[in-house]
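Single-structure report; data block below.
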Amino acid sequence: MSSIVTAGYRSRRDHFEPSDTDPHEQRRLRGHLEQIDYAAFVSNREIIPQIMGLGANHTEAAAFQRLAVAAATARARWIAEALKMSEAGQPMGTAEAQKLAGLRTTYEELSEAYEGLRRMVERGYLPYRSPER
């Protein structure tokens, strides 16, 4: 299966590309692939909420808000530190580069966690309760 790197994460192609021109063989293979995909879906829907400690509860907007604030804070700290380092007008040393890399990694991990949570809701692995209006 091929993959594409987009925005820092790998996105798998989910298009069926038959190598056999026999339509009966293609339908049979598609049926097998649908069973495989369904097994993965059911496994994700059962296991993810348990590991996240949600049980029968729903993911709420507050969880997204907390992750979004954490990612925004980490991004701001990373960029603020880079600006601070650039004010000296000196070339960046190894220690400074490592500090920036650590701050960037923190931001990227939090951003990926947010996207991961969103994908779990989008794919139906986690139930979502919208805020009351």
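The analysis underlying the following values was restricted to heavy atoms, covering all of them including side chains, and did not include hydrogens, waters or symmetry mates.
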Could you give the distance from [atom1] ([X]) to [atom2] ([Y]), rounded to the nearest 0.5 Å?
X	Y	atom1	atom2	result
Leu100	Gln98	CG	CD	10.5 Å
Met85	Glu87	CE	CD	11.5 Å
Leu117	Phe64	CG	CZ	3.5 Å

Find out if a path of hydrophobic residues (ILVMFWY) with successive side-chain heavy-atom gaps under 4.5 Å connects [X] to [Y].
X	Y	value
Ile79	Leu110	no
Leu67	Tyr125	yes
Trp78	Val69	no

Take atom CZ in Arg45; do more than 12 heavy atoms of anything else shown fall under 6.0 Å from it?
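Yes - once you tally the heavy atoms of other residues, nucleotides and ligands closer than 6.0 Å, there are more than 12.
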Determine yes or no for a side-chain-to-main-chain donor-acceptor pair under 3.5 angstrom, with Glu96 supplying the side chain and Gly93 the backbone.
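Looks like yes, one N/O pair under 3.5 Å.
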What are the two closest heavy atoms between [X] and [Y], and how far apart are they?
X	Y	result
Pro49	Asn44	CD-O, 3.8 Å
Ala74	Tyr107	CB-CA, 3.7 Å
Phe41	Arg123	CE1-O, 3.1 Å
Ser111	Ala71	N-CB, 4.1 Å

Run the numbers on Arg28 and His32 for side-chain hydrogen bond (donor to acceptor under 3.5 Å, both in side chains), then give the verdict.
CA-CA 6 Å; Arg28 187 184 67 74; His32 291 310; 2.8 Å; yes
Under 4.5 Å between any side-chain heavy atoms of Val42 and Glu46, yes or no?
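They are in side-chain contact.
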Pairs in or reaching into residues 61-84: which pass salt bridge (charged side-chain N to carboxylate O under 4.0 Å, His left out), with residues at least two apart or in two chains?
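Salt bridge (charged side-chain N to carboxylate O under 4.0 Å, His left out) check on residues 61-84 returns Glu81-Lys99.
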One thing to verify: whether Arg119 and Glu122 come together as a salt bridge, which I'm taking to mean a side-chain N less than 4.0 angstrom from a carboxylate O.
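No salt bridge links Glu122 with Arg119.
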Which Ile, Leu, Val, Met, Phe, Trp or Tyr residues join Ile51 in one cluster when any pair of side-chain heavy atoms under 4.5 Å counts as a link?
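Ile51 shares its hydrophobic cluster with Ile47.
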